[in-house]
Amino acid sequence: MSVRRPYSPRCYTGIFMNRVRFAPSPTGFLHIGSARTFIFNWLYARHTGGSMILRIDDTDLERNTEASLNSIFEGLRWLDLGWDEQYRQSDRLALHRQIAQAIFVKGLAYRDFTPAQADQGERRAGDTWLFNPGMREMVREESDRRAASGDRFALRYRVPREPARQICFTDAVYGAQAKSTADIEDFALLRSDGMPTYHLASCADDADLRISHIVRGQDHLTNTFKHCLIFEATGVAMPQFAHLPLLVAPDGTKLSKRRHGPVVSVTTYRDAGFLPQAFVNFLCLLGWSPKNDREQMTRQELVEAFSLEGINRSNTIVNFKEDDPFDPKAVWLNAETIRTMPVEQLAELLLPFVAAAGFHADRARMVQITPLIQERMKLLRDVATVADFFFVEELAPYDPAELIPQKGDAAMARAALEKARQSLAATEFTHDTLEAALRRASEELKIKAGQMFQPIRVAVCGRKNAPPLFGTLEALGKERCLHRIEKAIQKL
RNA sequence: GGCGCUAUCGUCUAACGGUUAGGACGGAGCCCUCUCAAGGCUCAAAUACGGGUUCGAUUCCCGUUAGCGCUACCA
């Protein structure tokens, strides 16, 4: 968990410094949509030299879980972006109640003693509900008397009616927005258990933390009118809003764990061997573009290129399938990142995946193997399927027919392997000498080089498709290669 | 139902009213090549529909359709 840091000196330089926040509620694992929201906030903060604030919005006591909180921190830590300040809403309840009270005292909110509706299924969607009759108009004396007598109530915002008026704001992404108060219901500020609702807590904290830009999912676009009313009632300046298009599944429905499974969880990508840098790059491209056809970008390039103007307005499909849970673009970006990574660094990252697959390799060994598999991996976990034969003593059983070369037969395979055994036994195991020796051997046998190499490849790797032969032989070492060739000859 | 938002290749997207509608991923093919990759080249693939405005609409306006979001003490 990140330590709460004091304001950096730069923050003292002025009240005009941008302040953005990411405010997840700990009611589930870190969702990729949330991760994208975090990233966009972070990029905006870094691009403008502002501050990034993490605020845990945990006012829903019923649904909060410790596991979920851990998952959020785990996911954010993996993204490796960091933040400047950290808060927890549940530490700030006094502030929320104080703001609610202030709104109530101004007459802009009222007590609603109607019991909470448990039977929402009964309600027909046809009705437009605005407020509970009798509650909005209740005289203050009666309201006070019932409250004093212990009747439970929710505190509701008294949305202006008769005359209704337009609530307006300008969204940095969606442009000018307006909605009549005639279409806004008297939303709750405090629940009957005294806990603040999301709307109240969020606005109170945004105001108190002097958030300058609220960058969040488009599902909040219509909620923003309510938030405008709260900011107005509180008498603070409104922040700027920027709503992000939603991430949806290939069928167009909202991403959800229940329907779409682990593909919506950030840790799934981490565990499969995505690199945070590639994953962040991928998420940035969902609903934002630098408008210059750039796609592969470093973190620094993203910070420099990011702008709210580059954000799109339509929902974005995360293109996963039942049998292939990862968006091909994400996989490609990851593979590109793997390919351009320094060998030592990649080798280091691969070690835990090797261990997770039940193999053993030390750092030096991994550094030796990595160049051979680097451009053959899309995800770090692929090391288990691409390099398995480097890690085992005895190869898993394979079909001896694989040993037979193109346009050849078992006799040719046998001749090639026997020649190889003899030749390799007398050869120094370095790439160039191996190549020279085996090419010479194929010439002596009067067969094509490819017909010579395939039986050897299958003999030492246990399959036809494998890394380049000479480097592989070198990495495997003479003893092991000769042993495997011997076993292959026996199979024929 | 009400209110709001959105609509360019399969997907992510570009195109301050004038382009053969561009790029990327994925797909197909060819080249390279010891297999597989990687790399190079090529191809297929889009402005939801209908009206306007305009000399000219992907672009501006209206409508239709579709999708998404919000909608009584979830966030």
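Letters A, B, ... are given to chains in the order of the sequence lines, protein chains preceding strands, and every chain is numbered from 1. What's counted below: heavy atoms across the whole structure, side chains too, no hydrogens, waters or symmetry copies. What you see is a predicted model, and the numbers here were worked out from it, not measured in a lab.
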* May I ask you to say whether Asp206(A) pairs ionically with Arg21(A), meaning some side-chain N is under 4.0 Å from a carboxylate O? => yes

* To do: Mind calculating the distance between CG (Asp251(A)) and P (U11(B)) to the nearest angstrom?
  => 13 Å

* **Closest to side chain of Ser192(A), choosing from U11(B), C73(B), G26(B)** => C73(B)

* Contact under 4.0 Å: Arg191(A) side-chain N or O vs A75(B) OP1/OP2 -> yes

* Can you tell me the distance, in whole Å, between the CE atom of Met195(A) and the C1' atom of A75(B)? => 13 Å

* To do: May I ask which nucleotide in the shown strands pairs with U8(B), Watson-Crick or G-U wobble, both distances under 3.5 Å?
  => none

* To do: Mind checking Pro115(A) for me? I need base, sugar-phosphate or nothing, with any heavy atom below 4.0 Å counting as a touch.
  => base

* Which nucleotide sits closest to the side chain of Glu295(A): G23(B), C3(B), C5(B)? -> G23(B)

* Side chain of Asn312(A) (C-beta onward), nearest among C68(B), A14(B), C70(B) -> A14(B)

* To do: With a 3.5 angstrom cut-off on both distances, give the Watson-Crick or G-U wobble partner of A21(B), or none if there isn't one.
  => none

* Classify the ring geometry between Phe282(A) and Phe279(A) as parallel (under 30°), tilted (30 to 60°) or perpendicular (over 60°). => tilted

* Asked: Is any side-chain heavy atom of Thr298(A) closer than 4.5 Å to a side-chain heavy atom of Leu302(A)?
  -> no

* So what does Glu336(A) hit on the nucleic acid, given a heavy-atom distance under 4.0 Å: a base, only sugar-phosphate, or nothing? -> sugar-phosphate

* Backbone N/O of Leu209(A) and side chain of Tyr87(A): donor-acceptor pair under 3.5 Å -> no

* To do: Whole angstrom is fine here: how far is it from CG in Asp327(A) over to C1' in C25(B)?
  => 8 Å

* Structure fact -> Here the distance between atom P of G2(B) and atom CG of Asp183(A), to the nearest Å, is 11 Å

* Asked: Counting only side-chain N and O atoms of Arg156(A), is one of them less than 4.0 Å from OP1 or OP2 of C73(B)?
  -> yes

Provide a list of protein-nucleic acid N or O atom pairs under 3.5 angstrom, restricted to nucleotides 33-37 of chain B.
residue	atom	partner	partner atom	Å
C34(B)	OP1	Arg439(A)	NH2	3.1
C34(B)	O2	Arg457(A)	NH2	2.2
C34(B)	N3	Leu469(A)	N	3.4
U35(B)	O2'	Asn465(A)	OD1	2.9
U35(B)	O2	Lys464(A)	O	3.0
U35(B)	O2	Ala466(A)	N	2.9
U35(B)	O2	Ala466(A)	O	3.0
U35(B)	N3	Ala466(A)	O	2.6
U35(B)	O4	Pro468(A)	N	3.1
C36(B)	O4'	Asn465(A)	OD1	3.4
C36(B)	O2	Arg376(A)	NH1	2.7
C36(B)	O2	Ala466(A)	O	3.4
C36(B)	N3	Arg376(A)	NH1	2.4
A37(B)	O2'	Glu375(A)	O	2.2
A37(B)	N1	Glu375(A)	OE2	3.1
A37(B)	N3	Glu375(A)	OE2	2.6

* To do: Find the distance Met297(A):CE to C12(B):C1' and express it as a whole number of Å.
  => 12 Å

* Interatomic distance where CD1 belongs to Ile311(A) and P belongs to A14(B) [whole Å] -> 12 Å

* Just checking Ser442(A): base, sugar-phosphate only, or nothing, at a heavy-atom cut-off of under 4.0 Å? -> nothing

* To do: Show the numbers, then the answer: is there a side-chain hydrogen bond (donor to acceptor under 3.5 Å, both in side chains) between Tyr110(A) and Asp186(A)?
  => CA-CA 9 Å; Tyr110(A) 62 90; Asp186(A) 286 358; 2.7 Å; yes

* **Under 3.5 Å donor-acceptor pair, Thr316(A) side-chain atoms to C12(B) base atoms** => no

* Asked: Between C3(B) and Thr222(A), is there an OP1 or OP2 to side-chain N/O distance shorter than 4.0 Å?
  -> no

* Structure fact -> By nearest-heavy-atom nucleotide on RNA chain B, the more 5' of Asn223(A) and Trp288(A) is Trp288(A)

* To do: Would you kindly compare Lys254(A) and Ile317(A) by the position of their nearest RNA chain B nucleotide and give the one closer to the 5′ end?
  => Ile317(A)

* Asked: Considering only side-chain heavy atoms of Lys291(A), which listed nucleotide, A15(B), G22(B), C70(B), is closest?
  -> A15(B)

* Check whether any side-chain nitrogen or oxygen of Gln374(A) sits under 4.0 Å from OP1 or OP2 of A38(B), and answer yes or no. => no

* Asked: Base, sugar-phosphate, or nothing for Ser25(A), non-hydrogen atoms under 4.0 angstrom?
  -> sugar-phosphate

* To do: Classify the nucleic acid contact of His243(A) as base, sugar-phosphate or nothing, counting any heavy atom under 4.0 Å across all strands shown.
  => nothing

* Asked: Counting only side-chain N and O atoms of Ser289(A), is one of them less than 4.0 Å from OP1 or OP2 of C12(B)?
  -> no

* Asked: For Lys448(A), which contact category applies under a 4.0 Å heavy-atom criterion: base, sugar-phosphate, or nothing?
  -> nothing

* Below 4.0 angstrom from OP1 or OP2 of A7(B), is there any side-chain N or O of Asn315(A)? -> no

* In whole Å, what is the span from the CD atom of Glu62(A) to the P atom of A75(B)? -> 11 Å

* In terms of side-chain geometry, is the basic nitrogen of Arg440(A) or Glu443(A) positioned less than 4.0 Å from the acidic oxygen of its partner? -> no

* To do: Under 4.0 Å between any heavy atoms, over every strand shown, what does Gly287(A) touch: base, sugar-phosphate, or nothing? Just pick one.
  => sugar-phosphate

* Asked: Between the side chains of Asp171(A) and Gln177(A), does any donor sit under 3.5 Å from an acceptor?
  -> no

* **Nearest-0.5 Å distance that lies between atom CZ in Phe40(A) and atom NE2 in His213(A)** => 15.5 Å

* **Test log, rule side-chain hydrogen bond (donor to acceptor under 3.5 Å, both in side chains), inputs His96(A) and Thr59(A)** => CA-CA 11 Å; His96(A) 306 146; Thr59(A) 57; over 6 Å; no

* Please answer whether the main-chain N or O of Arg259(A) pairs with a side-chain N or O of Ser256(A) as donor and acceptor at a distance below 3.5 Å. => yes

* For the side chain of Thr197(A), counting heavy atoms from C-beta on, which of G23(B), A75(B), U6(B) is nearest? -> A75(B)

* Please give, in whole Å, the distance from U71(B) P to Phe225(A) CZ? -> 14 Å

* Between U11(B), A75(B), C3(B), spot the one nearest the side chain of Asp57(A), thanks. => A75(B)

* Identified pairing partner of C32(B), criterion: Watson-Crick or G-U wobble below 3.5 Å -> none

* To do: Classify the side chain of Lys329(A) versus the base of A24(B) as yes if they form a donor-acceptor pair under 3.5 Å and no if they do not.
  => yes

* To do: Would you please confirm or rule out a distance under 4.0 Å between OP1 or OP2 of C73(B) and any side-chain N or O of Asn132(A)?
  => no

